[in-house]
Amino acid sequence: MPHEQITLYTAKACPYAQRTEIALAEVGAPFKRYEIDLGNKPEWYAPKVNPASKVPAIAYGGPDVSPENASPESIKLAESLILVEFIGDLYPSSGIVPADPVLRAQARFFIEVVSTKFSPNFMKFISGNPEGTHAALLAGVDAIQDLLPDGVKYAVNDQYTIADIALAPFWARLNVLVQKGIGAYKDEEKKKFLKGLEDPKYAKFNAYIQRLLARQSFKSTFHEDVVAEVFSSKFGLAK
């Protein structure tokens, strides 16, 4: 049975938006893509698509209209993790939402750890918040690695899932920004973080990350130059 049409409102620099784009790529769903300028959002976006005026958002179903004229007959959905699961539920054979309830719970718990132990520390680090130290970032890495099963490719088993999608865009941005010296953090903090990652105890985590970044769905939706430009404009270079 064909699915209703999907219009995705997104932004290349946004890690949350990339989560949704990865999910759509993984399941092979046809969709319209509309880039939102986060610095100058269209006046119609909030009233017609997402009252919170954030990306990502999806207009699902309704008549085939241009993204700028989202139909009131389409269902408007938002928030990246909700959208990723929604896409997985539309295409259950993709396996990105595990069918097994135990694996599904483990994937959601992994996402909770990413959302509470890693992502906030990433943003604090890049923005120069005093709490955003290299030690806090490495504590997030520790929390994630502790959840990785031995002898499997991804977060919960050999199947790529919503758990992996939750982490990849954030780690990729952190990697680009520290390698290019972009962000309000102190250069010494960057050096300590990169040195810490070289510890052999992070071998499992580093191997896992390489698999995430090698995934075609990630590579096709990641725009490194845009990420570097936007974050450099916002936070400048390391001190």
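When reading the values below, keep in mind they use all heavy atoms of this one structure, side chains included, and skip hydrogens, waters and symmetry mates. All figures in this text were calculated on a predicted structure; none of them were measured in a lab.
With hydrogens and angles ignored, the 3.5 Å screen pairs a side-chain donor or acceptor of D164 with a backbone N or O of A155. Remark: the backbone N or O of T133 is not paired with any side-chain donor or acceptor of E189 at under 3.5 angstrom. Under the 3.5 Å distance criterion, the side-chain polar atoms of R173 are left unmatched by any main-chain donor or acceptor of A168.
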Side-chain donor-acceptor distances from residues 54-64 under 3.5 Å, at least two apart:
residue: K54; atom: NZ; partner: E79; partner atom: OE2; Å: 3.1
residue: D64; atom: OD1; partner: K32; partner atom: NZ; Å: 2.5

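Heavy-atom neighbours of L213 CG from other residues, nucleotides or ligands within 6.0 Å: above the threshold of 12. A 6.0 Å sphere centred on NZ of K124 holds more than 12 heavy atoms belonging to other residues, nucleotides or ligands. Within 6.0 Å of NZ on K76 lie more than 12 heavy atoms contributed by other residues, nucleotides or ligands. Atom NZ of K117 sits in a sparse spot, with 12 or fewer heavy atoms from other residues, nucleotides or ligands closer than 6.0 Å. Within a 6.0 Å sphere centred on CD of E198, other residues, nucleotides and ligands contribute more than 12 heavy atoms. When the shell of 6.0 Å around CD of E229 is examined, it contains 12 or fewer heavy atoms from other residues, nucleotides or ligands. The number of heavy-atom neighbours closer than 6.0 Å to NZ of K41, taken from other residues, nucleotides and ligands shown, is above 12. For CD of E43, the number of neighbouring non-hydrogen atoms (other residues, nucleotides, ligands) closer than 6.0 Å is 12 at most.
P169 has its side chain within reach of I22: a pair of non-hydrogen atoms, C-beta onward, lies under 4.5 Å apart. A heavy-atom distance below 4.5 Å is not found between the side chains of L24 and R33. Residues S66 and N69 meet the side-chain proximity criterion, which asks for heavy atoms closer than 4.5 Å. Contact of the L90 side chain with the I6 side chain is registered, since non-hydrogen atoms from C-beta on lie closer than 4.5 Å. By the 4.5 Å heavy-atom criterion applied to side chains, Y154 and L148 are not counted as neighbours. Side-chain contact check for L177 versus F235: every heavy-atom pair is 4.5 Å or farther apart.
Neither V49 nor Y16 shares a network with the other; the hydrophobic side chains, linked directly or stepwise wherever heavy atoms of I, L, V, M, F, W or Y lie under 4.5 Å apart, form separate groups for each. There is a path of hydrophobic side-chain contacts, each under 4.5 Å, that joins V227 to L237.
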- How far apart are the C-alpha atoms of T10 and E35, what are their side-chain angles, what is the distance that settles it, and do they pass the side-chain hydrogen bond (donor to acceptor under 3.5 Å, both in side chains) test? CA-CA 5 Å; T10 184; E35 181 81 7; 5.3 Å; no

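Taking the six-membered ring for Trp, F222 and W171 have ring centres at least 6.0 Å apart. Between Y9 and Y45, the distance separating the two ring centers is shorter than 6.0 angstrom.
In the model, E26 has a side-chain atom that pairs as donor or acceptor with a side-chain atom of S217 under 3.5 Å.
Ring geometry for F122 versus F118: interplanar angle under 30°, hence parallel rather than tilted (30 to 60°).
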